[in-house]
Amino acid sequence: MNLILFGPPGAGKGTQAKYLVNKLNGFQVSTGDMLRDEIQKDTEIGKKIISDMNDGKFVDDEIVNQLIKKIIADPIKTNRLIFDGYPRSLNQAKNLDILLSNSNQKIDFVFFLNVNKETIIKRIEKRKILEKRSDDDLKIILRRYETYMQTTKPVLDFYSKNPNFYEIDGALEIDEITQKIAAFLNV
Ligand code: AMP
């Protein structure tokens, strides 16, 4: 089974992804982690994306699409993909469909963790202290939220028509969200 965790930064996608990795013996596909890794290793991609990442802007679709291509084609990961933070644009969503069908896969569940701006701000502020993420000051947080909401509206429309789309109140406690996801998955 492949699934997508969808929702604005700070909605708790990463936390739920880690739970699902354990529960389903899956692989977390976090483009945010992959991009941070490129920066840390100072690769060619890392050099290209550092300013966008630091400004809270989205990284170019082509770069992100390229990064996930290998993962989707990897037979070890087939039907064990847990997408966290991808796709974030309509271009990425369509690219994902193509890549998955090329390897005879599909998305089985889309979970939209819907959470308002105030809750996001509180959560990211907390995470800032715990994880010391450089892009997480308040101005950037708000820009990331706005960018997310603007750019991902078409993605939301794209997936929300599907019968496998589930909206969950992202303002709930972590455990409550986990329980809801588990109930939908029947695990
Ligand atoms: P995240 O860890 O998912 O919150 O992502 C952190 C940052 O990485 C975002 O603010 C974007 O700059 C970049 N990023 C992560 N995933 C994507 C994506 N799918 N498309 C474009 N940019 C992304």
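Quick caveat, the model's predicted, so the values are computed rather than measured. Both counts, for ligands and for their atoms, begin at 1 and track the order of listing.
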Contact (N/O only, under 3.5 Å) between [X] and ligand 1:
| X | value |
| --- | --- |
| Phe58 | no |
| Pro9 | no |
| Arg36 | yes |
| Lys57 | yes |

Per-atom contacts of ligand 1 with [X], taking only distances under 4.0 Å to non-hydrogen atoms:
| X | result |
| --- | --- |
| Leu35 | 8 (O), 13 (C), 14 (N), 15 (C), 23 (C) |
| Tyr86 | 19 (N) |
| Gly85 | 16 (N), 17 (C), 18 (C), 19 (N) |
| Gln92 | 18 (C), 19 (N), 20 (N), 21 (C) |
| Val64 | 18 (C), 19 (N), 20 (N), 21 (C) |

Item to complete: Give the ring-plane orientation class for Tyr159 versus Phe6, where under 30° counts as parallel, over 60° as perpendicular and anything between as tilted.
Response: perpendicular

Item to complete: Using a 4.5 Å cut-off on heavy atoms from C-beta on, say whether the side chain of Arg80 contacts that of Asn25.
Response: yes

Discussion item. Just so I know, are the side chains of Ile71 and Phe27 near enough to count as touching, which here means a heavy-atom distance under 4.5 Å?
Written reply: no

Practice prompt. For Gln92 and Asn65, work out which heavy atoms get closest and say how close.
Written response: CG-OD1, 3.6 Å

Worksheet item: Is the Tyr166-Phe184 ring centre distance short of 6.0 angstrom?
Response: yes

Worksheet item: In Å, rounded to the nearest 0.5 Å, how long is the span from OG1 of Thr15 to CG of Asp84?
Response: 9.0 Å

Worksheet item: Out of Arg144, Met34, Lys13, Arg88, whose heavy atom is nearest to atom 3 (O) of ligand 1?
Response: Arg88

Fill in: Presence of salt bridge, Glu44 and Lys47, under 4.0 angstrom
yes

